[in-house]
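In what follows, chains carry the letters A, B, and so on, assigned in the order in which the sequence lines appear, proteins first and then strands, with residues in each chain numbered from 1.
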Amino acid sequence: MKLSTDFYQVKEVTQIARNLLGKYLFTNINGEISGGFIVETEAYAGIIDKASHAFGNRLTNRTKTMYEAGGIAYVYLCYGIHEMLNVVTSTEGEPHAVLIRAIHPTEGIDLMLERRNMASIKNNLTAGPGSVAKALGISRKMNSLSFLSEEIWIEDRGLVFPEDEIAAVPRVGVAYAKEDALLPYRFYVKGNLYVSKPNR
DNA sequence: GAGATGATTAGCT
DNA sequence: GCTAATCATCTCC
């Protein structure tokens, strides 16, 4: 069953990032369904997170999607090539988001291979945020689309990882962020082949 | 209206 | 490991 709006509107973005592991993300592009369960996420805590587009309460045409109520997609382009899928969380006015970094594909694998121009399935099919978006056919057209829509949604199928199979680690490259640098904002399933990199 | 830049990835060394 | 690719968005003039 699809996750309800309540799931996304919890205030603690890290809790949602943690809970999203093992949930199933699907897209329906022109009637073709593909997706899998999430194995790696990263939390972006709005205005206090230097890595966030909304750091310092910055509000622009692009970032305004993050300020909306939780339960919608925030898709944007980075480095001119890569489109990334974020889940907007919390309530209206709080620009929190969870970046989907990797999924374990379960449905529509042929379709994903085609989109990625790959001949056979490899662990890097959906490892890394840019790869996930490309494999699922996600584009900026889906920005601000609800996760209760027919084009993209997240399901709970009862898959739960025990605590000791989940790693919560500090993000890299944020040493300058003082006490925030120690916060475990990156979550992934230990040992899963589709995690982008075990310890980056 | 122009110039700098980045929540990355792939491919070469 | 290291570096090039590549463009929407933001910022400043």
Side-chain angles (χ1 to χ4, degrees), chain A residues 8 12-18 20-21 25 38-68 70 72-90 94-105 112-145 147 152 167-178 180-188 192-200:
Chain A
Y8 302 102
E12 288 76 25
V13 63
T14 50
Q15 188 183 326
I16 298 174
R18 160 72 179 77
L20 278 173
L21 295 177
L25 170 69
I38 298 167
V39 295
E40 187 180 359
T41 63
E42 194 164 301
Y44 283 85
I47 61 175
I48 60 164
D49 188 343
K50 227 176 169 177
S52 170
H53 291 161
F55 174 70
N57 215 23
R58 189 163 57 172
L59 176 59
T60 65
N61 249 350
R62 177 175 60 159
T63 62
K64 68 182 179 191
T65 302
M66 281 198 283
Y67 288 80
E68 294 187 37
I72 62 173
Y74 172 44
V75 183
Y76 74 96
L77 188 70
C78 191
Y79 292 95
I81 318 175
H82 308 291
E83 288 176 297
M84 311 205 192
L85 172 66
N86 297 251
V87 179
V88 176
T89 70
S90 194
E94 284 196 279
H96 293 184
V98 177
L99 174 66
I100 306 298
R101 297 188 56 85
I103 70 169
H104 182 123
M112 291 191 243
L113 289 173
E114 196 177 314
R115 292 198 188 107
R116 297 268 292 136
N117 273 327
M118 294 167 70
S120 60
I121 187 162
K122 288 187 204 159
N123 59 4
N124 66 349
L125 176 65
T126 52
S131 303
V132 170
K134 193 170 180 187
L136 294 181
I138 291 166
S139 72
R140 279 164 322 224
K141 288 180 202 161
M142 300 172 88
N143 187 40
S144 82
L145 202 57
F147 280 107
I152 183 168
V169 299
R171 293 173 308 176
V172 173
V174 292
Y176 52 82
K178 298 178 183 174
D180 289 343
L182 301 175
L183 296 176
Y185 276 5
R186 184 187 297 259
F187 299 85
Y188 63 90
N192 188 286
L193 282 177
Y194 295 94
V195 171
S196 58
K197 285 198 178 177
N199 276 308
R200 196 154 68 164

In this structure, how many angstroms lie between the [atom2] atom of [N] and the [atom1] atom of [X], rounded?
{"X": "A/Leu125", "N": "B/dT9", "atom1": "CG", "atom2": "C1'", "result": "14 Å"}
{"X": "A/Tyr188", "N": "B/dA7", "atom1": "OH", "atom2": "C1'", "result": "18 Å"}
{"X": "A/Glu83", "N": "B/dT8", "atom1": "CD", "atom2": "C1'", "result": "13 Å"}
{"X": "A/Glu42", "N": "B/dT8", "atom1": "CD", "atom2": "C1'", "result": "12 Å"}
{"X": "A/Phe55", "N": "B/dT5", "atom1": "CZ", "atom2": "P", "result": "18 Å"}
{"X": "A/Leu85", "N": "B/dA7", "atom1": "CG", "atom2": "P", "result": "16 Å"}

Answer with base, sugar-phosphate or nothing: what part of the nucleic acid does A/Asn86 contact at a heavy-atom distance below 4.0 Å?
base

Tell me every residue that passes side chain to side chain donor-acceptor pair (under 3.5 Å) with A/Ser120, counting only those two or more places apart in sequence or in another chain.
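In terms of side chain to side chain donor-acceptor pair (under 3.5 Å), with neighbours along the sequence ignored, A/Ser120 is linked to no residue.
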
Among residues two or more places apart or on two chains, list those pairs meeting salt bridge (charged side-chain N to carboxylate O under 4.0 Å, His left out) that have a residue in residues 116-141 of chain A.
A/Glu83-A/Arg140

List the residues meeting ring-ring contact (aromatic ring centres under 6.0 Å, His included) with A/Tyr194, not counting sequence neighbours, and say none if there are none.
A/His104

Listed by chain and number, what are the ring-ring contact (aromatic ring centres under 6.0 Å, His included) partners of A/Phe55, not counting sequence neighbours?
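By the ring-ring contact (aromatic ring centres under 6.0 Å, His included) rule, A/Phe55 matches no residue at all.
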
Which of residues 115-123 of chain A have a heavy atom under 4.0 Å from DNA chain C?
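Heavy-atom contacts with DNA chain C come from no residue of residues 115-123 of chain A; none.
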
Canonical and wobble pairing (Watson-Crick, G-U, under 3.5 Å) of DNA chain B, dot-bracket with |
||||||.|||||.

Sequence neighbours excluded, which residues qualify as side-chain contact (heavy atoms from CB on, under 4.5 Å) partners of [X]?
{"X": "A/Glu114", "value": "none"}
{"X": "A/His53", "value": "A/Arg62, A/Thr63, A/Met66, A/Tyr74, A/Tyr76"}
{"X": "A/Asn123", "value": "A/Leu193"}

Taking the side chain of A/Met84 as heavy atoms from C-beta outward, which of B/dA10, B/dA7, B/dT8 is closest to it?
B/dT8

Under the salt bridge (charged side-chain N to carboxylate O under 4.0 Å, His left out) rule, collect the residues that match up with A/Glu94, sequence neighbours excluded.
A/Lys11

I'd like to check the salt bridge (charged side-chain N to carboxylate O under 4.0 Å, His left out) partners of A/Arg18; sequence neighbours left out, ordered by chain and number.
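Once residues adjacent in sequence are excluded, the partners of A/Arg18 under the salt bridge (charged side-chain N to carboxylate O under 4.0 Å, His left out) criterion are A/Glu163.
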
Generate the contact string for nucleotides 6-13 of chain C. Rules: B means base contact, S means sugar-phosphate contact only, - means no protein heavy atom under 4.0 Å.
BBSSSS--

Are any of the side-chain heavy atoms of A/Pro95 and A/Ile47 separated by less than 4.5 Å?
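A side-chain contact under 4.5 Å exists here.
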
Would A/Leu20 and A/Phe187 count as a side chain to side chain contact (heavy atoms under 4.5 Å, CB included) here? Give the steps.
CA-CA 9 Å; A/Leu20 278 173; A/Phe187 299 85; over 6 Å; no

